[in-house]
Amino acid sequence: MEKSCTLLIHFDKGTPAIANEIKEALEGNDVPAKIDAMKKAVMLLLNGETLPQLFITIVRYVLPSEDHTVQKLLLLYLEIIEKTDLKGRILPEMILICQNLRNNLQHPNEYIRGVTLRFLCRLNEAEIIEPLIPSVLQNLEHGHPFIRRNAILAVMSIYKLPQGEQLLVDAPEMIEKVLSTEQDPSAKRNAFLMLFNCAHDRAINYLLTHVDRVSEWGELLQMVVLELIRKVCRTNRGEKGKYIKIIISLLNAPSTAVIYECAGTLVSLSSAPTAIRAAANTYCQLLLSQSDNNVKLIVLDRLNELKSSHSDIMVDLIMDVLRALSSPNLDIQRKTLDIVLELVTPRNINEVVLLLKKEVMKTQTGELEKNGEYRQMLIQAIHSCAIKFPEVASTVVHLMMDFLGDSTVASAIDVIVFVREIIETNPKLRMSIITRLLDTFYQIRAARVCSCALWIIGEYCLSPSEVESGIATIKQCLGELPFYSVSEEAEAIDASKKTPQSNSITVSSRRPAILADGTYATQSAASETAFSPPTIVQGSLTSGNLRSLLLTGDFFLSAVVACTLTKLVLRLEEVQPSKVEVNKATTQALLIFVSLLQLGQSPVLPHPIDNDSYDRIVLCIRLFCNTGDEIRKIWLQSCRQSFVKMLSEKQLQETEELKAKALVSHAQPDDLIDFYHLKSRKGMSQLELEDEVQDDLKRATGEFVKDADDANKLNRILQLTGFSDPVYAEAYVTVHHYDIVLDITVVNRTRETLQNLCLELATMGDLKLMEHPQNYTVAPESSKQIKVNIKVSSTETGVIFGNIVYETSNVLERTVVVLNDIHIDIMDYISPAVCMDTAFRTMWAEFEWENKVAVNTVIKNEKEFLDHIIKSTNMKCLTAPSALDGECGFLAANLYAKSVFGEDALVNVSIEKQADGKLSGYIRIRSKTQGIALSLRDKIALKQKGGS
């Protein structure tokens with residue numbers, strides 16, 4: 001069994017040192033060899049070896065050594081070795097070390113005295129300590145502070161022993177006298193800590209006596225004072241008024257650690273607006289003054305907690321929080337923006353947007369490495385502000401449109417989506433947005449941004465001038481037609497393939513050709529044995545972005561171009577009285593459609609046009625031949641109506657999420673009603689009065705009522721042994737982020753005393769036990785509560801197993817009771833989360849771990865199966881409810897969740913109802929790490945059949 005020690009040492013078990021070699025080295029006079037031998041002895045003892053033959057050698061040859069390193073290793077050795085026999089009695093040879101320890105406590109060298117006093121803090125054997133007490137007490141008055149501070153700790157450790165109060169009856173009085181005269185900050189802190197742990201009332205009395213001087217004390221002592229205040233106020237909340245004054249006075253301390261602890265203590269003890277505002281101001285000061293990014297992230301977490309419970313106070317500090325954007329770290333910038341976006345109000349929206357605009361302008365300088373990602377975050381933040389407060393959209397939309405041609409595609413996509421939403425929700429801005437979009441359209445370089453911009457042009461160009469400008473802009477960006485040229489030799493070869501073979505080398509043919517303006521002409525071609533292949537016409541230098549994107553083979557974009565031109569021509573027929581202009585526009589559009597189809601079927605591109613894009617362009621050509629009222633209504637109205645419906649559903653979903661967050665549990669009917677106005681206010685400060693009001697409000701709204709009540713706890717109790725076993729055990733499992741706490745109840749169901757009862761546990765997976773098993777004695781028919789802490793390092797499914805071992809007075813052998821396994825479920829680690837569709841697609845493309853589960857269920861309804869998967873996996877469905885409505889036999893939905901370790905879990909459900917009524921399809925899981933993907937796959941495979 002491993003032995004506890006205050007020193008952690010790596011040891012290679014493959015090369016153990018031989019005890020005889022260690023003994024020879026210890027007996028020599030070579031100090032370096034003696035040090036090396038002592039290190040080997042300590043490592044062997046820590047790894048389970050006993051080495052009893054070394055004790056006498058160490059007493060003879062190591063105890064007299066004056067070398068400091070040897071003495072330190074000696075104390076480590078004495079800390080590790082067994083000092084008692086099996087019956088708990090002190091071994092006789094331990095008497096030999098008592099005299100040496102007494103000599104060390106009276107040694108002229110301060111270091112030897114200090115480390116020996118520190119060693120006494122780790123001794124639990126009263127028989128060894130008792131003869132040393134007079135020497136320990138003498139060191140309380142030593143001239144060197146290093147010795148005094150360690151002597152105080154030794155007194156505290158001795159007093160906390162089971163027999164400590166008999167060994168040192170007047171220890172608190174002595175330490176209190178030392179505290180009143182001590183000048184060394186560390187020794188004073190240790191003395192106050194001793195009173196805090198061993199004589200609580202004396203510590204409180206000393207604090208209240210010197211309350212005016214607390215701000216002058218050292219940092220270490222102030223930290224202990226804050227810990228004392230937290231402990232006192234938790235046990236007696238009625239006295240917190242006088243202690244909060246001390247905390248507020250410490251907010252001006254020079255130490256940042258003290259200031260941070262003060263703010264946290266203030267928030268935990270008081271909900272008064274004055275106290276919360278003081279804590280929030282302190283956090284903001286730390287956020288700006290500290291250069292360490294980890295400190296900034298921790299402070300932002302504290303501010304985020306304040307935002308959740310005291311948003312009305314945090315609103316006033318929003319500009320102070322925004323100053324954290326000056327940090328170049330993306331995580332800090334992202335967390336800052338997340339906090340600020342929930343604190344935006346009509347009162348501060350203009351200031352917030354103005355600062356965000358300045359930050360966007362800064363990203364154009366290119367000084368920072370990750371300007372693109374930061375700019376994308378800022379654009380999303382401005383988008384969110386403009387949707388919440390439409391009145392600020394006019395001040396930002398034109399600035400945002402400058403980034404449509406951004407080299408960072410994600411930023412450009414965010415901008416165009418923002419523009420699409422603003423142009424619908426702010427009709428007054430439509431004309432200016434359309435004009436600006438047509439002017440900057442040539443700058444766009446991403447196909448997805450072009451597609452969205454073309455949709456906006458097709459839907460929101462309403463006046464004759466706007467429609468004509470839209471058609472002209474698209475035509476200019478497409479460049480000259482056709483998109484490729486065919487040489488005369490290639491045409492002749494093509495014709496020769498269609499004629500019978502002859503002996504002549506050259507074959508002439510005549511065929512009609514379509515010229516650039518759309519007219520027909522007859523041309524002759526002669527083919528020879530050598531010919532040139534078709535070549536792409538790149539167009540002039542003024543040709544725009546659409547041509548270059550289409551020539552890469554993006555046929556979806558070509559279909560979007562065709563649909564946009566169709567909408568513009570149909571709208572031109574409605575708003576333009578001149579038939580000549582309409583016919584001209586129709587002719588130009590048809591020529592472009594035919595050129596797109598020719599390009600798609602030509603050999604100049606690596607792959608031909610896909611069927612969907614081909615059919616859509618052909619549909620646009622047919623529309624000009626038959627444009628009935630119903631078709632015109634579908635193209636010019638229905639598409640925009642669908643977009644409006646999507647926006648309204650998005651806003652409704654956000655509103656429902658905010659309402660769900662705002663819901664709090666109500667107070668119980670039999671709760672005490674405390675009338676604030678009937679209370680006696682005599683002697684209460686303004687802060688205490690505010691605190692009373694806030695507590696009453698919390699009780700009235702049920703904020704003090706926690707969800708994890710006793711009824712919910714019953715659902716998490718796991719039975720570990722059978723009812724017929726002599727020892728019954730059950731565990732209550734609490735999963736809190738990185739920790740799992742097992743609260744195990746062990747019941748002795750026999751009429752005998754169970755001795756040396758030990759709960760032995762082991763783990764599988766990324767779980768780690770934090771404590772070594774201890775032995776307990778359990779009386780007949782009584783119980784024992786045992787708590788076990790386990791650290792979790794990933795979301796992989798883990799298993800905890802083990803047994804209970806005990807002895808009885810009648811049976812010499814140990815009895816073993818095997819426990820049921822405890823399976824730690826992945827559902828305890830993940831929680832539903834929300835992300836944008838673009839972010840979901842980006843993560844889906846980046847994540848490398850994918851697991852696919854074939855659908856195998858008895859559930860017949862697609863929606864019912866999706867609901868079952870959502871409930872079983874504890875994930876959030878990102879697909880809008882309107883997209884899941886209807887009975888079409890198909891269903892596709894995206895699910896998203898986030899783990900407590902910051903991992904993203906993506907799930908795509910694609911199912912189809914077959915002819916026999918059964919569901920088929922696949923559930924795909926993607927994540928950045930393998931553990932969460934495997935765990936989710938196993939969970940879905942287990943739960944998908946339904947019913948459990």
Side-chain angles (χ1 to χ4, degrees), residues 437-438 441-442 444 447 450-459 461 464 466-486 513-521 534-573 576 579-602 604-605 608-627 631-632 635-636 639:
L437 182 60
L438 292 175
F441 185 80
Y442 71 94
I444 301 175
C450 269
S451 300
C452 192
L454 286 169
W455 184 89
I456 295 172
I457 293 171
E459 291 293 334
C461 287
E466 290 173 349
V467 173
E468 291 172 357
S469 298
I471 295 174
T473 299
I474 294 174
K475 186 177 178 184
Q476 180 184 359
C477 291
L478 286 173
E480 299 175 359
L481 300 179
F483 293 106
Y484 74 99
S485 65
V486 182
I514 301 175
L515 301 181
D517 60 354
T519 58
Y520 288 85
T535 58
I536 291 176
V537 179
Q538 297 294 342
S540 64
L541 294 175
T542 59
S543 298
N545 48 350
L546 282 179
R547 187 184 191 91
S548 59
L549 291 172
L550 291 175
L551 294 179
T552 61
D554 192 340
F555 297 114
F556 175 78
L557 181 60
S558 65
V560 175
V561 170
C563 292
T564 303
L565 286 172
T566 302
K567 290 179 183 178
L568 292 174
V569 171
L570 291 178
R571 187 165 282 113
L572 189 65
E573 292 178 2
Q576 177 61 265
K579 296 295 181 183
V580 176
E581 294 294 331
V582 173
N583 290 337
K584 182 180 177 183
T586 304
T587 305
Q588 292 174 345
L590 286 170
L591 178 60
I592 292 172
F593 297 165
V594 173
S595 299
L596 291 173
L597 290 176
Q598 282 186 333
L599 177 65
Q601 294 176 336
S602 68
V604 296
L605 296 180
I609 187 171
D610 59 280
N611 292 333
D612 290 338
S613 300
Y614 179 86
D615 293 342
R616 200 157 183 80
I617 297 174
V618 170
L619 176 63
C620 294
I621 296 174
R622 290 176 177 172
L623 273 176
F624 290 139
C625 302
N626 180 18
T627 54
I631 296 176
R632 189 182 299 272
W635 278 78
L636 298 182
C639 186

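What's counted below: heavy atoms across the whole structure, side chains too, no hydrogens, waters or symmetry copies.
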Please tell me if the side chains of Leu597 and Ile621 come closer than 4.5 Å, counting only heavy atoms from C-beta onward.
yes
Among Thr473, Leu557, Val560, side chain to side chain contact (heavy atoms under 4.5 Å, CB included) partner for Leu546
Leu557
Would you indicate whether the side-chain heavy atoms of Cys563 and Trp635 approach each other to under 4.5 Å?
yes
With a 4.0 Å cut-off on N to O distance, would you call Glu573 and Lys579 a salt bridge?
no
Contact list for residues 554-567, test side-chain hydrogen bond (donor to acceptor under 3.5 Å, both in side chains), sequence neighbours left out
Glu459-Lys567
Would you please test Phe555 and Leu596 for side-chain contact (heavy atoms from CB on, under 4.5 Å) and show each step?
CA-CA 9 Å; Phe555 297 114; Leu596 291 173; over 6 Å; no
For Leu605 and Thr552, what are the C-alpha separation, side-chain angles and deciding distance, and is it a side-chain contact (heavy atoms from CB on, under 4.5 Å)?
CA-CA 7 Å; Leu605 296 180; Thr552 61; over 6 Å; no
Just grab all the side-chain hydrogen bond (donor to acceptor under 3.5 Å, both in side chains) pairs involving residues 609-621, residues at least two apart or on different chains.
Asp610-Ser613
Leu599 and Leu551: side-chain contact (heavy atoms from CB on, under 4.5 Å), yes or no, with the steps?
CA-CA 8 Å; Leu599 177 65; Leu551 294 179; 4.0 Å; yes
The criterion is salt bridge (Lys or Arg N to Asp or Glu O under 4.0 Å); which residues satisfy it with Glu466, sequence neighbours excluded?
Arg430
So do the side chains of Leu478 and Leu550 get within less than 4.5 Å of each other, counting heavy atoms only?
yes
Applying side-chain contact (heavy atoms from CB on, under 4.5 Å) to Thr587 and not counting sequence neighbours gives none
Who are the side chain to side chain donor-acceptor pair (under 3.5 Å) partners of Glu468, not counting sequence neighbours?
Gln576
Could you walk me through whether Leu568 and Ile474 pass the side-chain contact (heavy atoms from CB on, under 4.5 Å) test, one step at a time?
CA-CA 11 Å; Leu568 292 174; Ile474 294 174; 4.0 Å; yes
State, to 0.1 Å, how close Ile457 and Gly470 come at their nearest heavy-atom pair, and which atoms those are.
CG2-CA, 4.2 Å
On a heavy-atom basis, which atom in Cys450 and which in Leu549 lie closest, and how many Å separate them?
SG-CD1, 3.8 Å
dist Leu481:CG -> Ser595:OG (nearest 0.5 Å) comes out at 4.0 Å
Nearest-0.5 Å distance that lies between atom CD in Gln476 and atom CD1 in Ile471:
14.0 Å
Please enumerate all residues that pass side-chain contact (heavy atoms from CB on, under 4.5 Å) together with Ala562, with sequence neighbours excluded.
Phe593, Ile617, Cys620
Can you give me the closest heavy-atom contact between Ile444 and Ala453, atom names plus distance?
CD1-CB, 3.9 Å
Short question: side chain of Arg632, backbone of Leu570 - any donor-acceptor pair under 3.5 Å?
yes
